[in-house]
Amino acid sequence: MRSIRPPFARRGGGGAPRAVAAVALASALALTATACGGSGDDNAGGPASASATADTGDGKIKIPDDIRNKLKEHGIDIDKWKHGAWKNWNKDDWLREANDFINPIIKGLWDPDRMRDANDPDKDKGVDANDLSGDQGVTDPTPEPVQAQAVRPAYHASAATAGKVFFDSPEGTMVCSATVVEDPAHPGKSNLVWTAGHCVHAGKNGGWYRNIAFVPSYNDKGLTGSALTAATRSEVAPYGVWWGDGAQTSQQWIDQGGETGGDGASYDYAVIHVTPEQGSGGKSLEETVGSALPVNFDAPAVPKVSSITATGYPAAKPYDGSLLYRCADKPGRLSVDASAPTMYRIGCTMTGGASGGGWVETGSDGKPALVSNTSIGPVSSGWLAGPRFGAVAKGVYEGVSKEFADR
């Protein structure tokens, strides 16, 4: 949320709808990483390793020429990339257009330390009173804060579709929340993840983030303190690490999205297609976690919604990003731009790191469906707002699904 905008958390140091963006495909390459935990200066070194690449039979890995050429078109030398060239955030070299998403897998990069260190933000950035449109559009009174409730572990049993998205930005290692959603092209076998647009792309002043990976049921057992510090990768990521090999956000977010405030918030959503870093026995993400949520692109008007439940891993104080939380509240309306769709808003004390997390409403059929995701919140916390899914969101979703329909 932009008090969580970035509604991701980081560890520092160490209008009428427009056409949606075309799907951006990532090159599904696997590289071996020697990842140093948490300093903000992680090295990605080591020899190339097998995964989504061709085995020549002599123990060497051959990267398909078409993939290597695609990377070269974007000025990316894969050998330099794996040795740390991905850390170059020179604005002239930072890919930002809809079709520019490149996200080679670096095996082992997201180790337990690096995941854990992404949970500690330097500061919150949020919406203040000057960001709101006042009488322009429809804004209901500010809701009373609703105390976030910890989800009971094991998370896989109580919130199987929830997880974390990790990625790198010019400011350091970042984290958001995300949701496994159904794929109409692959019923029962989805590899789609829903999150916020600002969790994959920096908006009008930047480009695509890098090393984007999804960890379903992160810290499934709800470990804390020294137990979490000592946890192995299989304990913090029991269902694997899944790298984005395709992603799409709205063109509105790319053109308007801002680091803070409400710019582009009404279109702040993204869909990522993922592939496992390690083999998954041929199983999809949905089969691996056992569930995926449908998405409702005809979300009901606020007066017709009795309650919405938001889920995420808040990382800004007083939280630390290690545990999964939920808030349930009757939504109100928030307008940050009179020309853009009015957003849902609920009372909730979740903070940075919860951004991108799913908002679920039980429909008239009695079944839960995703209707929004966490986008923005105030600097001091107390409420969250998320975009209502409509035609533009549907275009983003269908674009990714169709691109991977025959794969």
Side-chain angles (χ1 to χ4, degrees), residues 20-30 51-53 64 66-67 98-99 101-105 156 159-165 177-197 199-200 212-217 237-250 269-299 311 356-360 363 365 367-373 389-407:
V20 297
V23 174
L25 293 179
S27 300
L29 306 177
S51 176
T53 53
D66 59 336
I67 293 179
N99 288 321
F101 180 72
I102 299 293
N103 195 51
I105 296 173
H156 180 254
T161 60
K164 283 191 174 190
V165 169
S177 299
T179 306
V180 183
V181 294
E182 293 179 351
D183 182 354
H186 298 285
K189 297 182 178 182
S190 175
N191 285 308
L192 301 185
V193 174
W194 193 289
T195 190
C199 299
V200 299
I212 298 172
F214 176 67
V215 176
S217 297
Y239 297 94
V241 177
W242 299 69
W243 283 67
D245 59 353
Q248 182 171 335
T249 185
S250 67
Y269 36 70
V271 176
I272 308 168
H273 185 278
V274 298
T275 189
E277 179 179 304
Q278 304 286 355
S280 61
K283 290 185 177 181
S284 66
L285 175 61
E286 181 178 358
E287 291 172 303
T288 299
V289 303
S291 185
L293 279 174
V295 186
N296 184 359
F297 297 105
D298 190 20
T311 302
W359 291 32
V360 175
D365 60 358
K367 297 180 180 180
L370 193 73
V371 296
S372 185
N373 58 259
F389 299 159
V392 176
K394 186 176 183 179
V396 169
Y397 174 73
E398 291 182 342
V400 179
S401 175
K402 290 177 181 178
E403 186 63 37
F404 288 86
D406 296 328
R407 305 188 188 192

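Side chains are part of it too, since the values below use all heavy atoms of this structure and drop only hydrogens, waters and symmetry mates.
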A.B. asks: Applying side-chain contact (heavy atoms from CB on, under 4.5 Å) between Val193 and each of Val271, Leu285, Thr161, report the one that passes.
C.D. replies: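 Result: among Val271, Leu285, Thr161, Leu285 is the only option passing the side-chain contact (heavy atoms from CB on, under 4.5 Å) with Val193.
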A.B. asks: Got Phe214 and Thr195 here, is their nearest side-chain heavy-atom distance under 4.5 Å?
C.D. replies: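 They are not in side-chain contact.
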A.B. asks: If you compare all heavy atoms of Thr288 against all heavy atoms of His156, which two are closest, and at what distance to 0.1 Å?
C.D. replies: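 Where Thr288 meets His156 most closely, the heavy atoms are O-NE2, 4.4 Å.
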A.B. asks: Taking all non-hydrogen atoms of both residues, which atom of Thr179 and which atom of Gly357 are closest, and how far apart?
C.D. replies: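 What the structure gives for the nearest pair is OG1-C, 4.3 Å.
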A.B. asks: Tell me the closest heavy-atom pair linking Val200 and Ala270, and the distance in Å.
C.D. replies: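 Residues Val200 and Ala270, closest heavy atoms: CG2-CB, 3.7 Å.
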A.B. asks: Indicate the atoms forming the closest heavy-atom contact of Gly356 with Asn373, along with that distance.
C.D. replies: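 Where Gly356 meets Asn373 most closely, the heavy atoms are O-CB, 3.7 Å.
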A.B. asks: To the nearest 0.5 Å, what is the distance between CG on Asp183 and NZ on Lys402?
C.D. replies: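 Asp183 CG to Lys402 NZ: 12.0 Å, rounded to 0.5 Å.
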A.B. asks: For the CD1 atom of Ile212 and the CH2 atom of Trp243, what is their distance to the nearest 0.5 Å?
C.D. replies: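 Going from CD1 on Ile212 over to CH2 on Trp243, the span is 9.5 Å.
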A.B. asks: Give the minimum heavy-atom separation between Pro216 and Trp242, together with the two atoms involved.
C.D. replies: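 Minimum heavy-atom separation between Pro216 and Trp242: CD-CD1, 3.8 Å.
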A.B. asks: Please evaluate residues Phe389 and Tyr397 with respect to the criterion ring-ring contact (aromatic ring centres under 6.0 Å, His included), reporting the C-alpha separation (whole Å), side-chain torsions for both, the decisive distance (0.1 Å), and the verdict.
C.D. replies: CA-CA 10 Å; Phe389 299 159; Tyr397 174 73; 9.3 Å; no
A.B. asks: Drop me the distance from Asp245's CG to Thr275's OG1, to the nearest 0.5 angstrom.
C.D. replies: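 Reported value, rounded in 0.5 Å steps: 5.0 Å.
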A.B. asks: First locate atom CG of Leu370, then atom CG of Leu293, and finally report the distance between them rounded to the nearest 0.5 Å.
C.D. replies: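 The distance works out to 6.0 Å.
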A.B. asks: Distance check, rounded to the nearest 0.5 Å: Lys164 atom NZ versus Cys199 atom SG?
C.D. replies: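 Result: 12.0 Å between the selected atoms.
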A.B. asks: If you take all heavy atoms of Ala178 and Val165, which pair is closest and at what distance?
C.D. replies: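 In this case the closest contact between Ala178 and Val165 is CB-CG2, 3.4 Å.
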A.B. asks: Short question: side chain of Asn296, backbone of Ala369 - any donor-acceptor pair under 3.5 Å?
C.D. replies: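 Between the backbone of Ala369 and the side chain of Asn296 there is no qualifying donor-acceptor contact (under 3.5 Å).
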A.B. asks: Let me see the working for Asn191 and Ser284 under side-chain hydrogen bond (donor to acceptor under 3.5 Å, both in side chains), right down to the final yes or no.
C.D. replies: CA-CA 6 Å; Asn191 285 308; Ser284 66; 4.8 Å; no
A.B. asks: What distance do Gln248 atom CD and Tyr269 atom OH have between them, rounded to the nearest 0.5 Å?
C.D. replies: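 Between Gln248 CD and Tyr269 OH, I get 10.5 Å after rounding to 0.5 Å.
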